[in-house]
Amino acid sequence: MISAERLRQIAFWAHGLNETEIEQTRRGIVEKDVAKGAYLCHRGDRLDFWTGMIGGVMKMATVSKSGKSATLAGLRAGSWFGEGSVLKSEPRRYDLIALRDSRVALMERATFFWLYDNSVAFNRFLIRQFNERISQFIGLVEYDRTLDAPSRVARSIAWLFNPVLYPTADTHLEITQEELGQLAGLSRQHTNEALKLLETRGLLGVERGGITVRSLAGLANYGE
DNA sequence: GCATTAACAGCCG
DNA sequence: CGGCTGTTAATGC
């Protein structure tokens, strides 16, 4: 259980809820740490929680039949995910791996369904989120064809600054080049070169252990 | 060949 | 110091 204040702090969608809904929701959420390298869940696991990122960086990934790992989405603080698996009550179709020490919020399935049944604001949020994810996954199909490293890095970063998924995000994010590489499916060296290129194009700034986005549109459309 | 992994020195917090 | 970065050398597909 978390406080109402904490809920508002970690869940931007909760700002649309009324007092009753907030009260009901906060009772169905617990927090949990996920150490760097640990799996929050494996593909095929049942994870009966809707999950929110409070801090850190994780990746949502699948392993293809040939054994190659493909990142479906990068997740940072503010990201909420797993509504598909919770709604359909089915096993997870992807791995969730912490790329650095992270903290998550776990919402009980029953609480999720209570919101689903009772809150208009929550349903609006869900639709918006589904819609955005679909766009992102469509982009992913393209992205596999553009094998070019800077494009992959640009896309990975654009994910992490998606204004619909992260309405409260500012332009800076703490993430190492190693972690970005894991999201983009690249070695650290390639990521390093790609970042420097994107920096010279004026699309972002590279700092030690972090990046600052200068042109989100430029990153989102890079390589097209 | 190309890309990834390994290795290492510099550097910043 | 430890972790991150930038570069080079080795290794694997």
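Keep in mind that the numbers below use all heavy atoms, side chains included, and drop hydrogens, waters and symmetry copies. Quick note on labels: first sequence line is chain A, next is B, and so on, each numbered from 1.
- A/T176 comes within 4.0 angstrom of sugar-phosphate atoms only, judged by non-hydrogen atoms across all strands, and of no base.
- Atom CZ of A/R201 has 12 or fewer neighbouring heavy atoms from other residues, nucleotides or ligands inside a 6.0 Å radius.
- Residue A/I211 contributes atom CD1, which lies 15 Å from atom C1' of C/dC4 at whole-angstrom precision.
- Residues from residues 188-204 of chain A that place a heavy atom under 4.0 Å from any atom of DNA chain C, listed by number: A/R188, A/Q189, A/N192, A/K196.
- Residues satisfying the side chain to side chain contact (heavy atoms under 4.5 Å, CB included) criterion with A/S119, sequence neighbours excluded, are A/L17, A/E21, A/L115, A/A121, A/F122.
- At whole-Å resolution of the value, CD in A/Q177 and C1' in B/dT4 are 16 Å apart.
- The main-chain N or O of A/S89 is found under 3.5 Å from a side-chain atom of A/R46 such that the two form a donor-acceptor pair.
- Atom CD of A/Q182 is separated from atom C1' of C/dC4 by 14 Å (rounded to the nearest Å).
- The main-chain N or O of A/A149 is never found under 3.5 Å from a side-chain atom of A/E193 such that the two would form a donor-acceptor pair.
- With A/R76 as the partner, the side-chain contact (heavy atoms from CB on, under 4.5 Å) test is satisfied by one option alone out of A/L165, A/L173, A/L99: A/L173.
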Between the protein and nucleotides 9-13 of chain B, list every N/O to N/O distance that falls short of 3.5 Å.
none

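- For A/E108, the salt bridge (Lys or Arg N to Asp or Glu O under 4.0 Å) criterion is met by no residue, not counting sequence neighbours.
- Not a single salt bridge (Lys or Arg N to Asp or Glu O under 4.0 Å) links A/E207 to another residue, sequence neighbours left out.
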Expected list for residues 90-98 of chain A: side-chain donor-acceptor pairs under 3.5 angstrom, two or more places apart:
unit_1: A/R92; atom_1: NH1; unit_2: A/Y94; atom_2: OH; d: 3.3
unit_1: A/R92; atom_1: NH2; unit_2: A/L47; atom_2: O; d: 2.7
unit_1: A/R92; atom_1: NH2; unit_2: A/F49; atom_2: O; d: 2.8
unit_1: A/D95; atom_1: OD1; unit_2: A/R43; atom_2: N; d: 2.7

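- Computed from coordinates, the A/E178 CD to B/dT5 P distance equals 9 Å when rounded to whole Å.
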